[in-house]
Structure formats: structure tokens, C-alpha cells
*Asks:* 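Sharing a structure, written as C-alpha cells. Questions coming.
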Protein chains: 2
Amino acid sequence: MPKTSLNPQNLESVATRFRILGVPLRLQILNELASGERTVTALVEATGSTQPNVSKHLTTLLAHRLVKREKRGNSAYYSVADPAVFDLCEIVCGNIERSLEEERRAFGG
Amino acid sequence: MPKTSLNPQNLESVATRFRILGVPLRLQILNELASGERTVTALVEATGSTQPNVSKHLTTLLAHRLVKREKRGNSAYYSVADPAVFDLCEIVCGNIERSLEEERRAFGG
DNA sequence: TGACTATATGATTATGTGCTCATATAGTCG
DNA sequence: CGACTATATGAGCACATAATCATATAGTCA
């Protein structure tokens, strides 16, 4: 039944999810949010990007339900919607590790 | 220590991995390869795409070590390099499920 | 060798999107 | 209200890349 995971309807949705995560700045934002909720300004400082850019990526992440938004006072507080995204990053990192390992073996590192 | 997973050096690598998986046809190919090795022709038939297109995506997947290639006779047999990619898809599907669930709750489905 | 099948690749086009700039919206405080 | 801070958004540019077509490469078999 994992076979149903990638049926045609899901295919586009899954691909989209992956594409959302395929932008370094967005990963950086999520990584920052891993420590807790953050305001846009805080994320701008943490990432070194511009305010409009961070804001737009947050809008994208919000639209795809990867983050939550809560407005308090003058600020917007963003937080991770589903911590499972970090599992994804863990797997990918492990994957990359194994790739590099294989590379080392291949070239007799 | 999961914090180190997304250090600046890794950030680009991780993002790239995600981007590779962010193309429906590539997911379709990987999904097909989940059942075992396949030739390019078999993948062309299975996906309904064109030969050059499938071939190029396979080249991309190969370059990023997501698949392996073995040439036997006249054909090239591709297979999944690291089955962990399917864990990724599982997580993403679960993620999407929860999103939809939340949506249903929000709209009183 | 020539005919055939299988796969890869170069050139081109089309499209999506990340980034920047300027500006708009919204909330707080005096 | 006006001044300020925080956030969002529209327009435009720049770039990456997925898809297509034509063609090249490579292997098999007669």
C-alpha cells in the first residue's frame, strides 16, 4: 500500500511539497523556526535576506501549510506547522552522507 | 545535533535534493523503479513521456546519485540507489494527509 | 558492412519563480 | 491625527530548467 502514496493525484502534490523545500532560504527559515516561533524581522536578521523576500517565502510556506502564522500586536509570529519536515531533512542529510561515503570508497579516499 | 543538519554548506545540498524530487515525472520514475530495475524504454512506456525526456531525467537522477545505472547488452537498466527516498515520500504523504485533515476540520467537513 | 534497436545529447523554446525595488497595508504610541 | 514600526504585495528582471525536436552514439544481429 505504499504504492498508493504516489498515485497520479498525489504525484503533483508530493512534487510540489518537495519543490517548496527545494529553496535554500526556505530551508534556512524552517531551520530557524525549529527553535521556536519567530517574527519576520527576526527571520530577516537570522537569514541575512531582505524583508520582502523573507515575507514572500513565508507566504509561500503558509499557503502550503508548512508554517503557521499568528499575529500579535504589530508583529507576525511564524512557527512550524508540522515538525515532520525535519524528519525529511534528516533523511536527506543521511542520504547525502551515504552518497559522499560511496564517493569516497569509489575514489579510494 | 540535528541542528548541524542544515548548516550553510549542507543547505544548498539538501535544497538541491528536494528540488530533484520536486518534478512529478521524476517521482513517477522513482515510483516505477520501486518495483525493481527498469530499462529506459520500460520507463517511457510506464510514464507516457518521451524517450529523450525520460533519458534526461534519468541522467539527472544519476548525477545526483538517486539511481544506479547498469548497461547490459543494448539496454540501460536503472534502479534506485538509496531506498530512503521512499521514506521521504511516505513522510510527505503523511504531511499532506494531516494538512487535508486540518482543512476538513477548519471547514467543518 | 548495413539494418535495426536502445539510449544519450545538443539546440531551442516556454514557463516558472526567486530576487529586488518601490509602495501599500496595518498596528502602536504620542 | 501624525510619526513610527512591522509586514505584505505588485511590477519587473534574471535565471534555471522541463519539454520537444532532431540527431548522435552505441550495441546487436544478419
Side-chain angles (χ1 to χ4, degrees), chain A residues 6 8 11-33 36-79 81, chain B residues 6 8 11-33 36-79 81:
Chain A
L6 285 180
L11 239 143
E12 187 61 46
S13 311
V14 175
T16 300
R17 278 286 164 118
F18 280 129
R19 239 178 298 134
I20 298 294
L21 296 172
V23 178
L25 182 53
R26 284 206 277 261
L27 289 181
Q28 215 178 336
I29 289 173
L30 289 172
N31 192 46
E32 192 62 26
L33 293 182
E37 65 173 15
R38 294 280 188 278
T39 65
V40 178
T41 303
L43 291 171
V44 168
E45 287 169 4
T47 61
S49 182
T50 66
Q51 182 274 318
N53 201 23
V54 170
S55 188
K56 266 177 193 171
H57 284 301
L58 285 169
T59 300
T60 301
L61 289 169
L62 185 63
H64 291 274
R65 298 178 177 276
L66 285 162
V67 301
K68 288 180 294 187
R69 196 182 99 120
E70 192 191 334
K71 199 154 188 201
R72 291 204 300 273
N74 212 0
S75 303
Y77 291 81
Y78 285 88
S79 56
Chain B
L6 285 181
L11 238 143
E12 185 63 45
S13 312
V14 175
T16 300
R17 279 285 166 119
F18 280 129
R19 236 179 300 132
I20 299 294
L21 296 172
V23 178
L25 182 54
R26 284 205 279 261
L27 289 181
Q28 213 177 337
I29 289 173
L30 288 172
N31 192 45
E32 193 63 24
L33 294 182
E37 64 174 16
R38 295 281 188 275
T39 65
V40 178
T41 302
L43 291 172
V44 168
E45 287 169 5
T47 60
S49 182
T50 66
Q51 183 273 319
N53 202 23
V54 170
S55 189
K56 266 178 193 169
H57 283 300
L58 285 170
T59 300
T60 301
L61 289 169
L62 185 63
H64 292 274
R65 296 175 177 277
L66 284 162
V67 300
K68 288 180 294 187
R69 195 182 100 119
E70 192 190 334
K71 198 152 189 204
R72 290 202 301 271
N74 213 359
S75 303
Y77 291 81
Y78 286 88
S79 57

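Proteins get letters first, then strands, A, B, ... in listed order; numbering begins at 1 in each.
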*Asks:* At a heavy-atom distance below 4.0 Å, which nucleotide of DNA chain C is the first touched by chain B, and which is the last?
*Replies:* C/dT5 to C/dA11
*Asks:* Is the closest side-chain heavy-atom distance between A/Leu27 and B/Phe18 below 4.5 Å?
*Replies:* yes
*Asks:* So B/His57 and B/Gln28, side-chain contact (heavy atoms from CB on, under 4.5 Å) or not? Walk me through it.
*Replies:* CA-CA 11 Å; B/His57 283 300; B/Gln28 213 177 337; over 6 Å; no
*Asks:* Just checking B/Tyr77: base, sugar-phosphate only, or nothing, at a heavy-atom cut-off of under 4.0 Å?
*Replies:* nothing
*Asks:* Could you say whether B/Lys56 or A/Lys71 is positioned toward the 5' end of DNA chain D, judged by the nucleotide with the nearest heavy atom to each?
*Replies:* A/Lys71
*Asks:* Less than 4.5 Å apart, side chain to side chain, heavy atoms only: is that true for B/Glu70 and B/Lys68?
*Replies:* no
*Asks:* Using whole Å, report how far CD of B/Glu70 lies from P of D/dG27.
*Replies:* 15 Å
*Asks:* Under 4.0 Å between any heavy atoms, over every strand shown, what does B/Ser55 touch: base, sugar-phosphate, or nothing? Just pick one.
*Replies:* base
*Asks:* Would you indicate what B/Arg72 reaches in the nucleic acid, counting non-hydrogen atoms under 4.0 angstrom: base, sugar-phosphate, or nothing?
*Replies:* nothing
*Asks:* Under 4.0 Å, counting only non-hydrogen atoms across every strand here, what does A/Thr50 touch: a base, just sugar-phosphate, or nothing?
*Replies:* sugar-phosphate
*Asks:* Just wondering, do B/Thr60 and B/Leu66 contact through their side chains at under 4.5 Å, heavy atoms?
*Replies:* no
*Asks:* Using a 4.5 Å cut-off on heavy atoms from C-beta on, say whether the side chain of B/Arg26 contacts that of B/Leu61.
*Replies:* yes
*Asks:* Just how far, in rounded Å, is C1' of D/dT9 from CZ of A/Arg69?
*Replies:* 13 Å
*Asks:* Tell me which of B/Ala76 and A/Ser49 sits closer to the 5' end of DNA chain C, going by the nucleotide each one is nearest to.
*Replies:* B/Ala76
*Asks:* When the distance from CG of B/Leu21 to P of D/dT17 is rounded to whole Å, what number comes out?
*Replies:* 14 Å
*Asks:* Distance check needed: D/dA16 P versus A/Leu25 CG, whole Å only.
*Replies:* 17 Å
*Asks:* So B/Val67 and B/Leu30, do their side chains get closer than 4.5 Å, heavy atoms only?
*Replies:* yes
